[in-house]
Amino acid sequence: MVTVLHLCRAMFDVAIVGGGPAGLSAALMLGRCRRHVLVLDLGHPRNHRSCALHGYLTRDGIAPASLIELGRAELSPYGVETRAIGVTGAQLIGDHYHLSLANGGEERARYVLIATGVVDDLPAIEGFEECYGRSIFHCPYCDGWEHRDHPLAAFGRGAQVTGLALGLKTWSEDVIVCTHGRRLERGLRERLDRNGIRLRTERIARIEHVEGALTEIAFVHGNPIPRGALFFTTGQHPQSSLAISLGCTLNRRGTVKTGMSCDTNVPRLFVAGDASHDAQFVVVAAAEGVKAACAINRALQVEELKP
Ligand SMILES: Cc1cc2nc3c(=O)[nH]c(=O)nc-3n(C[C@H](O)[C@H](O)[C@H](O)COP(=O)(O)OP(=O)(O)OC[C@H]3O[C@@H](n4cnc5c(N)ncnc54)[C@H](O)[C@@H]3O)c2cc1C
């Protein structure tokens, strides 16, 4: 009986894994294309620690959770189904995917869009995580304006932290590089020096803060430095291994290599948002969701229409 019910279950045109800006934006467009769409989402977007989302035209300063709420509400007229659940596996069988869900259930869809985002790698330094999203950030474009003219720190190593520190000069004259025990090569040190950026290579003991608002960086040796915010470049990893397990090719950054339409090297599989490209902004993720949606709809049309 269970098997009969299972077999009778309708096949979705598209299953979207991840209900952040990329996934919801794709769902909106596919819903408007009258597609049978299922969104499966764990509900843990990359910016969940952030208080305000910036640089999204008409929504500058909105709470990230409010944007998601608005996005979900806009899906309802189009019959898009959303479920708060993780996808644990996927398999392409013939011309459709079988998706395994965290509750042991299964769904089928002709196309899959993965929009599962990334997670930032935070160093294990006392106080770092508490300040993350409040006064510690990875992106000056997202949070630099709010800390303009504040004393800033750039955290990381080598050429990456040097580039970050130089970029931060757009927002503040007072920038110090912290390498947490790593040496910086001479050419980079000289470039920092020429641009009036100080360097601290000692290991950091802890980040002092008041309820997530950074006040001071304390070192294992040497004087602490008062700072208003810290920007870091320490890497990231995919939030889900689904795309990798399906055989997607990765780019140098470790995210999925995609084509112009968010297509991948795997049949019937698209990837959008932070999980693919390296311009990682909400507005870009939303735009990629739309591009993927149109490409999937075109692929479905090719299958449905007579030549
Ligand atoms: C502190 C901070 C501040 C930021 N500020 C800004 C800003 O001001 N402006 C801006 O443009 N960008 C900002 N960003 C970047 C922004 O968060 C990302 O670019 C954006 O969230 C990417 O959207 P996405 O849909 O690709 O992924 P996400 O928003 O990360 O959404 C992915 C979704 O997929 C779900 N998921 C993952 N795996 C599974 C699975 N196996 N099954 C089901 N669901 C799954 C996740 O739980 C999540 O809900 C900030 C990021 C951080 C960390």
Side-chain angles (χ1 to χ4, degrees), residues 15-28 38-57 59-69 71-72 82-90 99-103 105 107 112-122 128-147 212 229-246 255-256 258 262 270-292:
I16 299 174
V17 188
L24 291 180
S25 192
L28 177 64
L38 173 65
V39 179
L40 300 152
D41 182 38
L42 276 172
H44 202 74
R46 180 181 182 186
N47 58 356
H48 71 283
R49 293 290 298 274
S50 167
C51 302
L53 155 66
H54 300 111
Y56 193 122
L57 193 64
R59 291 289 179 270
D60 190 45
I62 192 174
S66 303
L67 185 83
I68 297 297
E69 255 173 58
R72 283 194 192 138
T82 57
R83 283 190 222 158
I85 192 160
V87 175
T88 53
L99 297 165
S100 309
L101 311 187
N103 63 0
E107 289 297 347
V112 168
L113 170 62
I114 293 180
T116 46
V118 297
V119 177
D120 293 295
D121 299 329
L122 304 187
F128 205 100
E129 196 170 344
E130 290 87 334
C131 294
Y132 176 54
R134 299 283 186 278
S135 55
I136 291 187
F137 313 97
H138 71 287
C139 170
Y141 292 95
C142 299
D143 296 289
W145 169 264
E146 283 63 38
H147 297 280
L230 178 150
F231 288 80
F232 66 96
T233 162
T234 50
Q236 54 180 230
H237 61 272
Q239 185 171 168
S240 162
S241 57
L242 204 57
I244 297 169
S245 69
L246 283 165
T255 54
V256 177
T258 49
C262 302
F270 291 71
V271 178
D274 281 12
S276 58
H277 290 131
D278 60 359
Q280 295 177 330
F281 295 100
V282 171
V283 72
V284 175
E288 284 178 11
V290 168
K291 281 171 77 171

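Each ligand, and each atom within it, is numbered from 1 in the order the structure gives. Below, all heavy atoms of this structure are taken into account, side chains as well, without hydrogens, waters or symmetry copies. One-based numbering along the sequence shown. Keep in mind the model is a prediction, meaning the values are calculated, not measured.
One N or O on the side chain of Glu288 and one on the backbone of Gly273 form a donor-acceptor pair closer than 3.5 Å. Looking at Ser25, its side chain never comes within 3.5 Å of a backbone N or O of Ala22 through a donor-acceptor pair. At least one donor-acceptor pair under 3.5 Å links the side chain of Thr88 to the backbone N or O of Ser100. Remark: the backbone N or O of Gln236 is not paired with any side-chain donor or acceptor of Asp120 at under 3.5 angstrom. Judged by distance alone, the side chain of Ser135 and the main-chain N or O of Gly212 form a donor-acceptor pair under 3.5 Å.
Taking each heavy atom of Asp121 and Phe232 in turn, the nearest pair found is O-CE1, 4.0 Å. Thr258 approaches Val271 most closely through the heavy-atom pair CG2-O, 3.6 Å.
For atom 30 (O) of ligand 1, the closest non-hydrogen atom on the protein side is Arg46 N, 2.9 Å. The shortest contact between atom 42 (N) of ligand 1 and any protein heavy atom is with Val87 N, 2.9 Å. Atom 52 (C) of ligand 1 has its closest protein heavy atom at His138 CE1, 3.5 Å. Scanning the protein for heavy atoms near atom 9 (N) of ligand 1, the closest one is His54 O, 2.8 Å. Nearest protein heavy-atom neighbour of atom 16 (C) of ligand 1: Val282 CG2, 3.8 Å. Of the protein's heavy atoms, Asn47 CB, 4.0 Å lies nearest to atom 4 (C) of ligand 1. At the top of the distance list for atom 47 (O) of ligand 1, counting protein heavy atoms only, stands His44 N, 2.8 Å. The shortest contact between atom 36 (N) of ligand 1 and any protein heavy atom is with Thr116 CG2, 3.9 Å.
Residue contact check: Asp274 has heavy atoms under 4.0 Å from atoms 18 (C), 19 (O), 20 (C), 22 (C), 26 (O) of ligand 1. Each of the atoms 15 (C), 19 (O) of ligand 1 lies under 4.0 Å from some heavy atom of Gln280. Listed by number with element, the atoms of ligand 1 under 4.0 Å from a non-hydrogen atom of Ile85 are 43 (C). Every atom of ligand 1 with a heavy atom of Gly86 under 4.0 Å away is listed here by number and element: 42 (N), 43 (C). Remark: ligand 1 atoms within the under-4.0 Å shell around heavy atoms of Gly273 are 26 (O). Interface atoms of ligand 1 facing Ser240, defined by a heavy-atom separation under 4.0 Å, are 38 (N), 41 (N). For ligand 1, the atoms sitting less than 4.0 Å from at least one non-hydrogen atom of Asp41 are 33 (C), 34 (O), 35 (C), 43 (C), 44 (N), 46 (C), 47 (O), 48 (C), 49 (O), numbered in the order shown with element in parentheses. Within ligand 1, counting atoms from 1 as listed, the ones closer than 4.0 Å to a heavy atom of Asp120 are 53 (C).
To the nearest 0.5 Å, atom CD of residue Glu69 and atom CD1 of residue Ile62 are 9.0 Å apart. To the nearest 0.5 Å, atoms CG (Leu53) and OG (Ser66) are separated by 9.5 Å. If you take CD1 on Ile68 and CG on Leu24, they are separated by 5.0 Å, rounding to the nearest 0.5 Å.
In this structure, of Cys142, Pro238, Gly61, the residue bringing a heavy atom nearest to atom 13 (C) of ligand 1 is Cys142. Considering only non-hydrogen atoms, atom 53 (C) of ligand 1 lies nearest to Tyr132 out of Phe281, Tyr56, Tyr141, Tyr132. Here the shortest heavy-atom distance to atom 29 (O) of ligand 1, taken over Gly117, Pro21, Gly23, belongs to Pro21. Of the listed residues (Leu40, Ile68, Asp143, Leu101), the one carrying the non-hydrogen atom nearest atom 43 (C) of ligand 1 is Leu40. Proximity annotation for atom 3 (C) of ligand 1: of Ala22, Gly133, Ser50, Ser50 comes nearest, heavy atoms only.
Residue-ligand proximity: Ala115 is placed with a non-hydrogen atom under 4.0 Å from ligand 1. In this structure, His48 has no heavy atom closer than 4.0 Å to ligand 1. Leu53 counts as a contact of ligand 1, since one of its heavy atoms falls under 4.0 Å from the ligand.
Between the side chains of Gln280 and His138, no donor-acceptor pair is found at a separation under 3.5 Å.
Ring geometry, Tyr141 versus Phe281: the interplanar angle exceeds 60°, so the pair is classed perpendicular (tilted spans 30 to 60°).
Contacts of Arg49 with ligand 1, taken as heavy-atom pairs under 4.0 Å, are absent altogether.
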